[in-house]
Protein chains: 2
Amino acid sequence: MATIYDVAKAAGVSPKTVSRVMNGDAPVNEKTREAVEAAMASLNYSPSSAARAMRSQRSGLIGMITGAISTTHQFEDTGLPEIYLVQGAQRVIAQSNRTLLIADSGGQADRIPALLQTFREHRVEGVLYVAEYHREVGLPANLRDRPIVLVNCFDTDDTPAVLPDDEGGQFALVDGLIKRGHRRIGFLTLPEQQIAHGLRAEGYVRALKTNGIEFDERLMQVGALPIPANEFDLLWDALDRVLRAEPTVICCANDKMAMRVYGLLRERGLAIPRDISVAGYDDYRMIAEHLHPGLTSAQLPYAAMGARAADKLLRLIAGTQRPDEPAHELVSGPVVWRDSVQPRDNTITHLSTRRKDT
Amino acid sequence: MATIYDVAKAAGVSPKTVSRVMNGDAPVNEKTREAVEAAMASLNYSPSSAARAMRSQRSGLIGMITGAISTTHQFEDTGLPEIYLVQGAQRVIAQSNRTLLIADSGGQADRIPALLQTFREHRVEGVLYVAEYHREVGLPANLRDRPIVLVNCFDTDDTPAVLPDDEGGQFALVDGLIKRGHRRIGFLTLPEQQIAHGLRAEGYVRALKTNGIEFDERLMQVGALPIPANEFDLLWDALDRVLRAEPTVICCANDKMAMRVYGLLRERGLAIPRDISVAGYDDYRMIAEHLHPGLTSAQLPYAAMGARAADKLLRLIAGTQRPDEPAHELVSGPVVWRDSVQPRDNTITHLSTRRKDT
DNA sequence: TGCGTATATGACACCGATGTCATGACATCG
DNA sequence: CGATGTCATGACATCGGTGTCATATACGCA
């Protein structure tokens with residue numbers, strides 16, 4: 001590879017002048033500049049980031065560690081939202097003229113120390129620590145020596161974190177269902193020990209309360225197990241109990257569960273959305289868009305979380321975070337309405353009457 | 001950060017001796033070694049990869065460019081198999097003591113030049129160029145100056161490439177179906193201009209021929225459009241035509257299509273697999289495992305492709321590729337059999353008769 | 001004309017590793 | 001006992017940029 005010395009020689013100037021042309025940090029004569037640029041072009045010159053990093057003591061690298069935390073989830077498909085997170089973060093980081101260094105542990109937690117060591121050697125300026133689902137984590141000690149932002153997870157030390165707004169997402173979904181005329185809203189939930197379960201249940205209850213609907217506990221049933229075991233019987237029973245409470249719509253804890261519920265409802269001869277509406281959570285487009293009918297789902301805003309986390313990290317690195325900036329930031333996503341939810345007649349009437357009123 | 005000079009001072013030796021302790025390239029007295037190691041530990045020292053790269057002229061970096069090629073697919077969810085590719089490649093690359101530098105264009109082709117420039121500046125030793133689906137690509141000129149392996153794509157210049165064995169995958173699936181007693185096998189295909197379409201059709205036909213079954217063109221219908229437009233009518237019509245040819249099983253071009261076909265078949269009152277069996281392609285576990293019943297699918301072996309491509313690239317870099325190594329390597333995946341395919345009675349009879357025979 | 005100032009450029013050192021070569025202390029051998 | 005070899009270690013240069021400081025020329029103004 002050509003170096004700055006090669007360029008300098010070709011252009012008949014000193015290396016420092018070439019440097020000035022690249023960085024524009026001091027005036028350079030127009031003719032000199034042209035000669036240097038011609039030399040750079042003809043030699044196909046790229047400056048060495050290693051040399052720059054060494055001199056400037058800034059690597060220009062941001063580390064992201066993914067697939068990292070669980071020791072068990074190599075047995076399960078996490079749904080791969082990480083790629084969206086990566087894209088969101090990458091966009092922001094590229095704007096700051098830095099490069100994202102991604103380390104994916106492939107779900108093997110014992111690889112993490114080696115990955116962190118790599119980060120240290122590359123002198124990453126900050127770290128994005130990504131969990132595969134909303135959870136609490138304990139941070140490795142050797143992550144504490146540089147700026148870090150947790151994504152989709154949090155710890156007990158108020159380390160800066162970016163989290164999905166599960167409460168708000170479920171609220172928006174259920175509130176939207178009510179606005180569309182549903183009043184008996186089934187809810188097949190996540191396992192109770194999951195963080196997201198509690199938050200979403202709160203969102204569900206708040207939406208009912210806001211709209212003056214009484215909570216019926218028979219409508220809310222746990223639909224999944226913490227371990228991806230054979231959950232099918234559980235889901236079948238849970239659905240059975242929910243259906244006995246006569247819902248007009250069933251909210252599922254995630255799109256995968258909704259996909260299963262599609263099958264179960266059809267086995268019972270119920271047509272979606274004619275006989276019953278269904279909603280999911282996550283908005284995995286691979287599922288939600290391709291199910292028939294399209295699945296209404298509250299979006300887990302992974303791309304936005306990635307971008308927000310990168311932004312927060314860059315401010316931490318620059319030391320310019322706002323004084324009022326909270327350690328934990330919630331990111332909300334929209335509800336994507338598709339055909340799996342059918343407005344109930346009473347709404348339509350309601351809306352049309354309204355329209356007359358105004 | 002502590003440097004090798006800090007460690008040397010703390011241990012009372014020269015920097016070069018510290019270097020020797022780290023690299024073991026020359027004998028070091030046992031006591032000295034211990035002193036140095038203690039100093040390294042107490043200073044929490046990590047060697048600077050920038051300095052090493054500069055001195056050794058080897059960056060230890062491999063670049064991977066993903067989501068790169070299409071200008072349009074930001075509108076569509078590609079199914080995100082890239083993360084598996086990354087994991088497969090990362091595993092192999094980590095073993096060679098290198099680091100994977102990933103650049104994801106987020107589907108915006110105009111970002112690629114900037115990403116490649118970043119790779120050049122970081123002096124990546126080789127590049128993995130990943131396409132989002134099996135296709136032909138034209139390579140940017142500035143990728144030609146270092147080792148490169150194409151993944152999931154190929155060009156006209158015999159650039160080394162790693163590709164999925166679409167023909168073999170479809171063959172194995174259809175052959176397996178026949179072994180399970182199916183003889184009338186519907187096939188809803190990809191758009192005809194896709195590379196995978198032709199290959200899989202060949203695999204389908206070969207499986208029939210191998211088993212002495214005549215090809216019935218009514219059983220093979222295009223089920224998807226090249227652009228993710230409203231494909232629904234197309235799929236409906238295609239399915240309709242296939243069903244009129246009385247298949248006992250329907251092969252879908254991918255798992256997304258299979259997911260839709262589940263819905264369409266059920267609308268027609270057909271139960272899977274009792275009335276008709278269904279198979280997919282890709283084995284997206286997020287879909288295949290969670291559909292009810294579980295979807296039989298031929299696996300697109302992304303993790304294996306990533307590993308194979310990394311391996312090939314490392315050999316290219318080392319200059320040790322085998323002389324007989326073909327430019328294009330096919331990677332086969334298994335067929336994952338799940339409950340969406342029901343063996344036909346005649347097989348069972350057939351098998352049991354056989355068993356008596358032998 | 002002489003001096004201050006802005007413009008344009010170069011010499012040199014330095015960032016943190018490591019390859020090369022030199023050196024000193026012992027051990028071994030003829 | 002001196003020559004030779006091995007072991008252990010250090011001095012110094014180098015990789016490719018850039019910060020600092022010096023220098024040279026041109027220009028404006030008293």
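Note that the structure is predicted; figures quoted are calculated from it, not measured. Labels below follow one simple rule: chain letters A, B, ... track the order of the sequence lines, proteins then strands, and each chain is numbered from 1.
- One finds the CD1 atom of A/I102 at 10.0 Å from the CE atom of B/M64 (value rounded to the nearest 0.5 Å).
- Of the candidates A/R135, A/H134, A/M305, A/H134 is the only one forming a side chain to side chain contact (heavy atoms under 4.5 Å, CB included) with A/L163.
- Rounding to the nearest 0.5 Å gives a distance of 9.5 Å between CZ of B/R146 and CG of B/L116.
- Looking at B/N23, its side chain never comes within 3.5 Å of a backbone N or O of B/D25 through a donor-acceptor pair.
- For B/T320 (side chain) and B/L316 (main-chain N/O), no donor-acceptor pair under 3.5 Å exists by modelled atom type.
- The backbone N or O of A/D104 lies less than 3.5 Å from a partner atom in the side chain of B/Q90, making a donor-acceptor pair.
- Heavy-atom minimum distance, B/R123 versus A/A2: NH2-O, 4.1 Å.
- Looking at B/R58 and B/S56, their side chains never bring a donor and an acceptor atom within 3.5 Å of each other.
- Heavy-atom contacts of chain B under 4.0 Å fall on DNA chain D between two terminal nucleotides, which in 5' to 3' order are D/dA8 to D/dG17.
- The two residues B/A8 and B/P15 come nearest to each other via the heavy atoms CB-N, 3.5 Å.
- Residues of residues 113-121 of chain B that place a heavy atom closer than 4.0 Å to DNA chain C do not occur.
- For the pair A/R308 and A/E329, the salt-bridge criterion is met [side-chain N within less than 4.0 Å of a carboxylate O].
- For DNA chain D, the neighbouring residues in residues 16-25 of chain A, judged by any heavy atom under 4.0 Å, are A/K16, A/S19, A/M22, A/N23, A/D25.
- Going from atom CD of A/E121 over to atom OH of B/Y45 covers 8.5 Å, rounded to the nearest 0.5 Å.
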With salt bridge (Lys or Arg N to Asp or Glu O under 4.0 Å) as the criterion, how do A/R144 and A/D155 come out once you've worked through the C-alpha distance, each side chain's angles and the decisive distance to 0.1 Å? CA-CA 12 Å; A/R144 300 220 158 278; A/D155 66 0; 3.4 Å; yes
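- End-to-end axis angle of the helix from C/dT1-D/dA30 to C/dG30-D/dC1, from C1' rotation axes over five pairs per end: 50° (rounded to 10 degrees).
- When only modelled atom types and interatomic distance are considered, A/H122 and B/S49 share a side-chain donor-acceptor pair under 3.5 Å.
- Of the residues in residues 35-57 of chain B, those with a non-hydrogen atom less than 4.0 angstrom from any atom of DNA chain C are B/Y45, B/S46, B/P47, B/S48, B/A51, B/R52, B/R55.
- Taking both residues in full, the closest heavy atoms of B/S332 and B/D165 are given as OG-OD2, 3.1 Å, listed atom of the first, atom of the second, then distance.
- For the atom pair OG1 (A/T66) and CG (A/L128), the distance works out to 10.5 Å, reported to the nearest 0.5 Å.
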Let's go through B/E136 and B/T156 carefully: what are the C-alpha distance in whole Å and the side-chain angles of both, what is the deciding distance for side chain to side chain donor-acceptor pair (under 3.5 Å) to 0.1 Å, and is it a yes or a no? CA-CA 8 Å; B/E136 182 177 336; B/T156 48; 4.8 Å; no
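- Counting non-hydrogen atoms under 4.0 angstrom, B/R58 reaches nothing in the nucleic acid.
- In this structure, B/M54 CE and B/S48 OG are separated by 10.0 Å, a value rounded to the nearest 0.5 Å.
- Sorted by residue number, the list of members of residues 3-10 of chain B with any non-hydrogen atom under 4.0 Å from DNA chain D is empty.
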